[in-house]
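Indexing begins at 1, ligand by ligand and atom by atom, following the structure's order.
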Amino acid sequence: MMKFRKVCAFLLIVFTTLSCKKSREATDLTREPLIPIPVSIEATESVFEITRSTEIYVDDGDVALNKIGEYLAARLRPATGFPLKVIDSKKQADKGISLTLDGADETLGEEGYELTITEDQMKLTAPNYAGIFRGVQTIRQLLRYHIESTTTQKGPWEISTGTIQDYPTYPVRSAMLDVARHFFTVEEVKQYIDLIAEYKMNTLHLHLTDDQGWRIEIKSWPNLTVHGGSTQVKGGKGGFYSQEDYKEIVQYASDRYITVIPEIDMPGHTNAALASYPELNCNDNPPELYTGTEVGFSSLCVDKDITYKFVEDVVREVASLTPGSYFHLGGDESHTTKKNDFIKFIDRSQEIVLKYGKTPIGWEEISQSKLQKNTVVQFWSDAEHARNAIKQGAKLIMSPANKAYLDMSYDSTTTLGQHWAAYIEVDSAYMWDPASIVPGISQDNILGIEAPLWSETLMTMRDLEYMAFPRILGHAEVGWSPASARDWDSYKRRLAQHGPRLEARGINFYKSKLVSWAD
Ligand code: NGO
């Protein structure tokens, strides 16, 4: 009898232990706080667990996949403390984490992916590497926020089971960084790249030149950086990227499937260049370096031949360092350039950009000139310019200043930023639809969105973070997720869960009172 009881007790323990695995608190993949919200999620209400013995399998001999596997492992190793070996696998793996292009659904497109999670396996498939990289960001967000810690945390590392199918609404989802008003180092730009990558953004627009500073080395015009890069707003010491530095940024971005768009702002916003080379001025008289924050007072001398030699040298050198297909030629606020001169300048500059194999982009004012076939126009405030652009068949990047500008203060108590366009609280930065901003312009006319971070008032990385976070998460979702899936209440709930995640990464973000931040 005693023996029978012991056996029963033993069986009970075994049974409870086994059934525990299945009956762990019900999980629901559809309720995970993902940002941007995926196109479709189906839940199967069980869990997959990353353990000490989990391995990451990638297609055999696929160097790019192996690199993404290592990227994922590097993100997960510190907090889990697990080895997470990346393994080239000859046949499709049926356990652990698998990253594969094999059998992917081509209709997912350039950046789409499918993530299938069962109790035994988490399988990420995509027709292209960019899709795998975006899907990896989803995996990171499916784990508890402790995964962002740089020191070992207590597990378990569970992920709800089910299937996610996902792809972006707009092909361009960009963040702009103004490194001209205040200079930011290569390391700081890399940090920003890492942050935007996590939210599936795919473009970094670098505003490399402005009145207050020229930040990219041009070997044929060295004084641009020697003199023109030597200061910044309020007279700090400024700085610039050597061509090697710039290449390093471009490579770092490209490793994260992010394209860099360089901007050389012309013909206005050029005081730093005008101060560096007398011959670029109509009167050959160079102005002093400028450390204020006014806009619209400078212009290259549009009638001089040397101006176009300058433009061509700069475009040639920067284009040769830039693998991405776009070159941003600025074109905003040339208030001291006569309209005809402006048009003449933009016409010639577009041709120069095309000559060096790049597609021109310019701020909305360039739609006053004759746009080349593929020239892209960036809307920021004037609906008429945007409509002129689409009349000419151009596509738009939408950066409405009163929604997408990250340098706008949150409210009247924000000590950083400006508010000429609006105060932009976290809800306002989320509740906008690129296709409804300008009457007469629809989704078909739009290539994507961009959230620009102008740096007149921003001096440090902490300043940048405070203005960008959490608003940039909202812009990332506006660009990625279908309008039908976007909803402030759902977003607010998900964003609340990102608070601890941002904190774990040490990001100085604005804790808006509109959000009930999770502890
Ligand atoms: C404007 C201006 C920039 C300023 C920014 C500040 C554009 C396209 N040009 O936007 O030079 O830095 O506002 O918000």
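- Between Tyr113 and Phe133, the distance separating the two ring centers is not shorter than 6.0 angstrom.
- In this structure, ligand 1 sits under 4.0 Å from heavy atoms belonging to Arg181, His269, Val295, Asp332, Glu333, Trp363, Trp380, Tyr405, Asp407, Met408, Gln418, Trp420, Trp454, Glu456.
- Remark: Arg462 is not positioned above the aromatic ring of Tyr466, lacking an NZ or CZ atom under 6.0 angstrom from the ring centre and at most 45 degrees off the axis.
- When ring centroids are compared, Phe509 and Trp517 come within the 6.0 Å threshold.
- Under a cut-off of 6.0 angstrom, the local environment of OH in Tyr167 is sparse, with at most 12 non-hydrogen atoms contributed by other residues, nucleotides or ligands.
- Aromatic pair His207/Trp454: ring centres closer than 6.0 Å.
- Between Gln378 and the choices Glu263, His328, Glu365, the side-chain hydrogen bond (donor to acceptor under 3.5 Å, both in side chains) rule is met once, by His328.
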